[in-house]
Each structure stands twice: as structure tokens, then as C-alpha cells.
Amino acid sequence: MSARIIDGKTIAAELRGKVGGEVKRLSTQHGIVPGLAVVLVGSNPASEAYVGSKKKMTVEAGMRSFDHRLPETVSQAELMALVNKLNADPAVHGILVQLPLPPQINSQDVLNAIDPAKDVDGFHPINAGRLASGLPALVPCTPLGCIHLAKTVRPSLAGLEAVVVGRSNIVGKPLAQLLLAENATVTVAHSRTADLPAVCRRADLLFAAVGRPEMVRGDWIKPGATVIDVGINRVPGANGKSRLIGDVAFDEAVAVAGAITPVPGGVGPMTIACLLVNTVRAACAIAGLPKPAV
Ligand code: GUN
């Protein structure tokens with residue numbers, strides 16, 4: 001038997017289409033065009049590529065995209081000044097400062113300076129706290145995408161055993177909170193977890209978000225489980241090229257799981273789609289409108 005492959009590329013395109021519909025509605029009914037500002041410091045090639053796709057998809061969804069590029073040598077004060085300007089700009093509903101930032105910058109101070117109402121990354125402590133308290137919040141995009149993908153296989157997550165491998169602020173912790181809100185039974189495992197394979201084998205829903213290539217093996221997976229692979233690891237490939245692999249040994253896992261996300265083409269495309277969702281949600285909340293249909 002072979003697992004169903006969860007097609008993140010197609011599911012993300014559908015979600016972006018729904019975002020486009022809501023953007024049109026906001027524009028015609030309320031005269032609001034959601035705007036997303038992206039701040040890129042320096043010229044990390046991976047970040048450049050990510051920011052380029054964000055811009056393209058933002059515009060395709062009918063929203064405004066504001067790109068801000070700052071030199072690698074930018075000072076904390078200059079970056080803070082830009083964030084404050086974007087906080088005050090009524091055309092900007094979402095602000096994303098691309099990470100990582102260079103060493104002279106205190107990243108947490110920058111994230112803390114973003115208006116929580118415009119924090120479409122969901123990294124501000126106010127949004128993290130609101131999520132953990134079960135209050136309305138802007139939620140980090142990658143975990144949102146993971147839940148969306150899991151629900152394409154299991155429309156209700158209630159009562160399921162969910163195991164999240166990884167405890168980062170960007171993925172593991174907010175994902176655990178979202179799963180709790182969906183009434184799953186949640187275990188957060190990490191590098192110090194005893195007998196990690198046995199913990200993973202309990203999971204009806206297994207999320208791998210550790211950044212270690214192919215760490216999760218086929219025999220760590222409960223037969224029929226839904227496996228969501230958040231890992232994007234660049235490793236040397238054939239003839240000097242590099243290739244992307246996940247945190248799950250796909251070829252082994254696909255023979256055991258009930259459904260699994262590929263890498264690339266699984267969680268990756270969902271992250272930008274969810275960023276667009278967050279920007280529309282932020283625009284509605286800022287305007288005092290009801291939550292949008294995405
Ligand atoms: N760098 C890699 N992924 C992300 C993300 O989701 N948000 C931000 N701000 N930076 C990133």
C-alpha cells in the first residue's frame with residue numbers, strides 16, 4: 001500500500017484563489033485593498049527567492065505589495081524607523097520582516113516593534129499569547145498551513161493523537177496550540193525526548209519540524225497515519241546540484257503512512273498562501289469588519 005500524497009501546490013493555489021475572491025469583495029464593498037509590506041535586509045539567496053514569490057503572489061491575489069530592501073549593514077535604529085513608518089501607514093495592513101537578520105540587529109526587538117494588528121507572521125508576543133489563551137490572534141503562517149493540509153485528510157482533528165516533533169516559536173509551539181484548539185491530544189517532542197520513535201508511533205497526526213534531513217524513519221510511523229513534513233533541507237544531489245528533502249524519510253514513510261506531504265510541494269507553498277490569508281484577516285480586523293471567509 002502506498003500513502004495518499006497531499007498536494008500542497010494545488011491546495012495552496014485553491015486557497016490563494018479564495019483570498020483573491022475576498023480581496024475583490026473588500027475592494028468593491030468597502031474600498032479596501034489589503035497591503036502587505038515585506039522588509040528584506042541584505043541579500044541571502046533563499047530569502048531573496050522567498051520574498052520574490054511573496055511579491056508575485058500578493059499581486060496575483062489583487063493586493064498591494066510594498067517591498068523594502070535594506071543593506072546588510074543597516075543599523076537597528078534605521079530598521080526600527082522603517083517598522084514604525086509601516087506601522088503608521090494606513091495602506092499597509094501586514095508587515096513581514098524576513099528572518100534571519102544580520103548579527104548587529106536584535107531580531108526580537110524588531111519583531112516586538114511591529115504593530116500586533118499588522119503582525120502577519122504572528123511572531124509578536126501579543127499574538128503568541130493570544131493564541132495560547134484561545135483569543136483571536138494572527139497565527140504564524142507555516143503552522144496554519146499544516147493544519148489546513150491535515151484537515152484535507154481528516155476534516156475533524158478532535159480526539160486524534162497529534163505529535164509535533166520540534167518546539168520552535170515559529171512552527172512547533174504555535175502548531176501545538178492550533179492542534180489543541182482543534183481538540184487533538186497533543187504531544188510536543190524535541191531533541192531531549194526519550195524514545196522519540198516510540199512517541200512518534202503513537203501519532204495519528206505526525207508533524208516533523210526539526211530541520212534534520214530524513215530524521216523521521218518509516219518505522220517511526222503508525223500505519224495509516226497522516227504525516228506532515230515541515231522540513232526544507234538543502235542537501236548535495238546528483239551531478240553537483242543540490243536538492244530539497246524533508247525531515248521525513250519519504251520513500252520509507254510513503255509505504256506506511258495513510259497520507260503524507262512531499263518535499264518540495266507540500267507545506268512550502270502553503271506558507272505564502274497563509275501569509276495572504278493573514279493579510280486579508282488583518283485588513284478586516286483593522287477596518288472593524290467581520291472575519292473574512294478565508
Ligand atoms: N524566514 C523563513 N521563513 C520565514 C517566515 O515565515 N517569516 C519570516 N519573517 N522570515 C522567515
Practice item. Identify whether the distance between the nearest side-chain nitrogen and carboxylate oxygen of Glu182 and Lys151 falls below 4.0 Å. Key: yes
Exercise for review: Using the side chain to side chain contact (heavy atoms under 4.5 Å, CB included) rule, pick out the option among Val51, Thr279, Ile114, Val38 that qualifies with Leu96.
Suggested key: Val38
Review point. Side chain to side chain contact (heavy atoms under 4.5 Å, CB included) with Leu206: which of Val199, Val165, Thr226, Ile228?
Key: Val165
Study note, to complete from the structure: Here the gap from Met63 atom CE to Leu26 atom CG, rounded to the nearest 0.5 Å, amounts to 10.0 Å
Hey, does the side chain of [X] reach the backbone of [Y] with a donor-acceptor pair shorter than 3.5 angstrom?
| X | Y | result |
| --- | --- | --- |
| Glu214 | Phe250 | no |
| Asp119 | His124 | yes |
| Glu72 | Pro102 | no |
| Asn87 | Ala113 | yes |

Review point. If you group Ile, Leu, Val, Met, Phe, Trp and Tyr by side-chain heavy-atom gaps below 4.5 Å, do Ile232 and Val267 land in one group?
Key: no
Review point. Should Leu15 and Tyr50 be counted in the same cluster of Ile, Leu, Val, Met, Phe, Trp and Tyr side chains packed under 4.5 Å apart?
Key: yes
Crowding at [atom1], [X] (>12 non-hydrogen neighbours, <6.0 Å):
| X | atom1 | answer |
| --- | --- | --- |
| Arg154 | CZ | no |
| Arg25 | CZ | yes |
| Leu244 | CG | yes |

Point to revise | Contact list for residues 229-253, test salt bridge (Lys or Arg N to Asp or Glu O under 4.0 Å), sequence neighbours left out | key: Arg217-Glu252
Check your understanding: Is there a side-chain contact between Gln108 and Pro125, using heavy atoms and a 4.5 Å cut-off?
Key -> yes
Practice item. Using the test side chain to side chain donor-acceptor pair (under 3.5 Å), find all partners of Glu48 that sit at least two apart in sequence or belong to another chain. Key: Arg69
